[in-house]
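This report refers to the structure that appears directly beneath it.
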Amino acid sequence: MEIINRLESEVRGYVRSFPKVFTWAKGNRMKAEDGSEYLDFFSGAGALNYGHNDETMKAALIEYIQSDGVTHGLDMATAEKIRFLETFENVIMKPRGMEYKIQFPGPTGTNAVEAALKIARKVKKRPGVLFFTNGYHGMTLGALSVTGNASKRGGAGVAMPGTTPLPYCGYFGEDRDTADDLKALLENSSSGLEKPAAVIVETVQGEGGINVASFEWLKKIEQLCHEHDMLFIVDDIQAGVGRTGPFFSFEPAGIKPDIITVSKSLSGYGLPLAITMIRPDLDIWSPGEHNGTFRGFNHAFATAIAALETYWSDDQLEKETLRKSEIIKQRLNAMVDAQPSFEAEIRGRGFFIGMDCAQAELADEIAGECFENGLILETAGADDNVMKVMPPLISSDEDIAEGLDIIEKALATVLERHGLLNSAA
Ligand code: PMP
């Protein structure tokens, strides 16, 4: 750890929350050099929805490497890319009646967002993009320009024109439908809002603190996009690939985005892979207009194919995620209800659940206490006020109970420290 503290840039982040040297990871378990063991309720911020080092994916990867399959090929045709596209089409798109062209931007989420914003502006020939309060879309300049967090935006060091923030679903409380705010701005020729090219939205905001958009709200935003000739972009980088239950988080809302970004758990194995899904008639890129050295990483295709075939050929994983989600929410709600001096809201969909602490600093303290007791989870939200409960989707009922027991104990320890504990609970 000495060399990390001495040599790695000050920008390092998670190592500060989880100050251990990790040496082993399997499923939802991790081990550190000093012998300590952890249950993972963090899932690589959504990149490890199937847990660490899945056996089937590992076997596919080893076989691919041993056969000297192409590792790097820019965006040349490889047999593995063809197999990935066929699998994605057959397992994901066809059963959902989806028609999209698949762009391989660079391999991270922010690359997929950059591509989405660029193609939207190119199609509509307008610079404006609307985004939402507490939204998070990545750290490169385009993606950062549609991200809410002030300290992250401050890192840009330049102005980021062309984007406008709008209140997300529930931003002003339950009684105000913020889709109506957008409608009013779009319909008033003196609102000052120039006609944008697109709207970008997360169905559940991850980094923003597990804020859940209602399906009605999402439908209204989509409708407004249609009425006002704007493209509707859903960033499903964190909420997608089963995190909320279905493969795409927007499926139960019955909406059809024009552009979809997917990354994080797409490779299934934690290898970098991102795609930008583009409605076919919008795919007006000229060859190489948006390129990159690491598009279409073949090792990631090999594991992605195994992941899609293993987990998405039927609806078992989705059903199990939704069933266990209720168990998690019920227990978290019971923990909060048992502590009258602790104000917190439990919200989320699937395995994308947050505990929003009214006393913001408690969230980090509880997460820290969890880590001390062998559970890895992170905080999110404007003031790091939300504890994110994101177990890998493959977690058993017993694993979930074990993690929730640790959360309950950590909560009690922290509340006691602050003189807030209801010990009768
Ligand atoms: N969009 C969303 C919704 C995200 O949660 C993230 C990452 N947290 C990104 C984009 C950026 O992805 P990456 O970190 O891979 O660039």
Side-chain angles (χ1 to χ4, degrees), residues 11-14 17 42-49 103-118 120 129-149 151-153 155-156 163 165 168-169 198-213 218 232-244 247-250 257 259-277 290 292 294-297 300 304 348-354 377-382 384 386 388-390:
V11 79
R12 63 192 188 276
Y14 287 119
S17 312
F42 169 49
S43 300
L48 293 163
N49 285 357
Q103 177 178 0
F104 297 102
T108 65
T110 199
N111 278 286
V113 171
E114 293 293 336
L117 298 177
K118 272 197 197 174
V129 174
L130 306 180
F131 67 103
F132 292 97
T133 48
N134 294 302
Y136 184 100
H137 299 284
M139 290 294 101
T140 48
L141 273 184
L144 186 58
S145 74
V146 289
T147 289
N149 184 288
S151 101
K152 301 273 190 288
R153 291 181 71 87
T163 59
Y168 190 67
C169 183
V199 175
I200 185 165
V201 68
E202 294 157 272
T203 61
V204 179
Q205 294 182 323
E207 304 310 319
I210 316 290
N211 305 310
V212 183
L218 289 166
F232 183 43
I233 306 172
V234 172
D235 179 348
D236 226 16
I237 287 167
Q238 191 160 169
V241 196
R243 182 49 51 193
T244 68
F247 186 85
F248 295 107
S249 68
F250 53 82
I259 301 172
I260 307 160
T261 55
V262 188
S263 181
K264 290 209 192 261
S265 278
L266 182 59
S267 84
Y269 202 70
L271 296 176
L273 180 62
I275 55 173
T276 305
M277 301 173 65
H290 182 91
F294 292 106
R295 282 168 298 155
F297 174 30
R349 289 174 50 205
F351 274 25
F352 206 21
I353 299 175
L377 43 74
E378 71 165 337
T379 55
D384 285 327
V386 181
K388 268 169 118 187
V389 180
M390 293 177 66

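One is the number of the first residue; the rest follow in order along the sequence. In each ligand, atom 1 is the first atom listed, and ligand 1 is the first ligand listed.
For atom 14 (O) of ligand 1, the protein comes within 4.0 Å by no heavy atom at all.
The protein atom (non-hydrogen) at minimum distance from atom 12 (O) of ligand 1 is G109 CA, 3.3 Å. Looking only at heavy atoms of the protein, atom 10 (C) of ligand 1 is closest to H137 O, 3.2 Å. For atom 5 (O) of ligand 1, the closest non-hydrogen atom on the protein side is Q238 NE2, 2.7 Å. Scanning the protein heavy atoms around atom 1 (N) of ligand 1, the nearest turns out to be D235 OD2, 2.6 Å.
The shortest distance between side-chain heavy atoms of I210 and F352 falls below 4.5 Å. In this structure, V129 and V199 have side chains that are not in contact, with every pair of non-hydrogen atoms separated by 4.5 Å or more.
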Please test Y136 against N149 for side chain to side chain contact (heavy atoms under 4.5 Å, CB included), starting from the C-alpha separation and ending with a verdict.
CA-CA 8 Å; Y136 184 100; N149 184 288; 5.7 Å; no

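The heavy-atom pair separating L141 from E114 by the smallest distance is N-OE2, 3.7 Å. A pairwise comparison of heavy atoms in T203 and Y168 identifies O-OH, 3.0 Å as the closest pair. The two residues T276 and A112 have their closest heavy-atom pair at OG1-O, 3.0 Å.
Within ligand 1, counting atoms from 1 as listed, the ones closer than 4.0 Å to a heavy atom of T108 are 15 (O), 16 (O). Residue-ligand proximity, Y136 to ligand 1, at heavy-atom distances under 4.0 Å covers atoms 1 (N), 2 (C), 3 (C), 4 (C), 6 (C), 7 (C), 8 (N), 9 (C). The contact set between ligand 1 and E202, taken as ligand atoms under 4.0 Å from a residue heavy atom, comprises 3 (C). Less than 4.0 angstrom separates some heavy atom of K264 from each of these atoms of ligand 1: 5 (O), 6 (C), 7 (C), 8 (N). Residue T110 approaches ligand 1 through these ligand atoms, each under 4.0 Å from one of its heavy atoms: 11 (C), 12 (O), 13 (P), 16 (O).
A side chain to side chain contact (heavy atoms under 4.5 Å, CB included) with Q238 is found for exactly one of Q205, E202, M390, namely M390.
By the criterion of a heavy-atom distance under 4.0 Å, the side chain of E207, and not its backbone, is placed next to ligand 1.
For the residue pair E378/Y14, the side-chain donor-acceptor check at 3.5 Å is satisfied.
Ligand 1 has no atom lying under 4.0 Å from any heavy atom of Q205.
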